[in-house]
There are 2 protein chains.
Amino acid sequence: MKRDSRLSGVLHVLLHMAEIDGPATSESLADMMQTNPVVIRRILAGLRNQGLVRSEKGHGGGWRLAKDLESVTLYDIHIALGSPGVLALGHRTEAPGCLIEQAVNNAMGEAFNAAEALLLARFREITLASLSRDFHQRMQVCTGSDHTS
Amino acid sequence: MKRDSRLSGVLHVLLHMAEIDGPATSESLADMMQTNPVVIRRILAGLRNQGLVRSEKGHGGGWRLAKDLESVTLYDIHIALGSPGVLALGHRTEAPGCLIEQAVNNAMGEAFNAAEALLLARFREITLASLSRDFHQRMQVCTGSDHTS
DNA sequence: TTTCATGTAACTTACAGTATTACATGAATT
DNA sequence: AATTCATGTAATACTGTAAGTTACATGAAA
């Protein structure tokens, strides 16, 4: 199953932005991410609607964080990305008439809900600040390392 | 994100097989599932390799359960399907050089592992027998209902 | 020998994330 | 005012995977 890596990607972008003084252009962020500027804009546009980042056009323009690192959790970003489904497994038929399938959906659904709830609960506990702290710790261990990608 | 419904589908098939006296052809199962016989064969072939079902060719041939309903869990079937990934979310880069991405992967990875472990633990607790019992209970409530699809 | 059913390769379809191109919009520089 | 830089966004193509389909080979029972 192909996986959705937008959350992973946008976290990478946001933390790079946190390390930069001043705005970052979608082109420079795309270089770091080894992807296309339009992909960056598309993803960050969603975050802007949730007030997580700001953008400015023209000379000296680009993207900035709009909130304190402490106040943003992975869950907030997940929501800003449109709350994509977190599970790769699903029901064959969502509202089956077959009683067998109803029993199957019911049992699997409980397991799915528990796993999804756990994952989202974990996401709520992880802030951008905690990721940034972890990054700076890795920098200290690996002295002289280049962090710009 | 498109979801993998093979586990859901195969459970449906296996429980129908449990209700049938004698072998079931892939064509009859495909009718119940409103899908193609080849899809059924493809999925059941994996289960046969794990000893969960048996197949016979020719007249009077078809598919049979090879194990007791009590002894087969959703986890066993999940494995027989090739242990597909259960999460729709993933890392952008699996082994990043960037320290920021390493911090991101580490934090997200822990949450992913916890959620996946919980889901698989739940799967280990659900047997075909428990699903069958749930089905027969639904039959009793819904008297006269047709369960063949 | 015919019929029935599995076994399997090859191909097509459907879908969503990702990537790319092209051009419009708007702000700062000159 | 013209140029340059950067975002905004539509349109399109690429990619990987589950699912569906076609075609034919294999083997067992009638």
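These numbers were taken from a predicted model, which means no experiment stands behind them. These numbers come from the heavy atoms of this one structure, side chains and all, not from hydrogens, waters or symmetry mates. Every chain is numbered from 1, with letters handed out A, B, ... down the list of sequences.
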Lys/Arg-Asp/Glu bridge criterion (N-O < 4.0 Å) met for B/R92, B/E101 = yes

task = Grab the CZ-C1' distance between A/R3 and D/dA18 for me, whole Å please.
result =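 It is 16 Å, rounded to the nearest whole Å.
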
ask   = What is the distance, rounded to the nearest whole Å, between atom CG of B/D31 and atom P of C/dA5?
value =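 Value for this atom pair: 12 Å.
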
Please find the pair of heavy atoms, one from [X] and one from [Y], that lie closest to each other, and give the distance.
{"X": "A/F135", "Y": "B/A103", "answer": "N-CB, 3.9 Å"}
{"X": "B/L119", "Y": "A/A111", "answer": "CD1-O, 3.4 Å"}
{"X": "B/L52", "Y": "B/D76", "answer": "CD1-O, 4.3 Å"}

Under 3.5 Å between N/O atoms: give me all the protein pairs with nucleotides 12-14 of chain C, atom names plus distance.
unit_1: C/dA14; atom_1: N3; unit_2: B/K2; atom_2: NZ; d: 3.3

ask   = Would you say the side chain of A/R138 lies within less than 4.5 Å of the side chain of A/D134, judging by non-hydrogen atoms?
value =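 With C-beta onward as the side chain, the pair touches.
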
ask   = Side-chain N or O of B/S5 less than 4.0 angstrom from OP1 or OP2 on D/dA19?
value =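 Yes.
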
request  = Using only side-chain N and O atoms of A/T25, determine if any of them is under 4.0 Å from OP1 or OP2 of D/dA6.
outcome  =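 For A/T25, the contact criterion (side-chain N or O under 4.0 Å from OP1 or OP2 of D/dA6) is not met.
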
Would the distance check show the side chain of [X] and the main-chain N or O of [Y] forming a donor-acceptor pair, the cut-off being under 3.5 Å?
{"X": "B/H12", "Y": "B/S8", "value": "no"}
{"X": "B/N113", "Y": "B/G109", "value": "yes"}
{"X": "B/N49", "Y": "B/A80", "value": "no"}

task = Please tell me which of the listed nucleotides, D/dT7, C/dG7, D/dA19, lies nearest to the side chain of B/S55?
result = C/dG7

Categorize [X] for me: base, sugar-phosphate, or nothing, with a 4.0 angstrom heavy-atom threshold over every strand shown.
{"X": "A/R42", "answer": "base"}
{"X": "A/R48", "answer": "sugar-phosphate"}
{"X": "B/R92", "answer": "nothing"}

query = Could you write nucleotides 22-30 of chain D as a row of B, S and -, 5' to 3', where a protein heavy atom under 4.0 Å of any base atom gives B, of only sugar-phosphate atoms gives S, and otherwise -?
reply = B---BBBB-

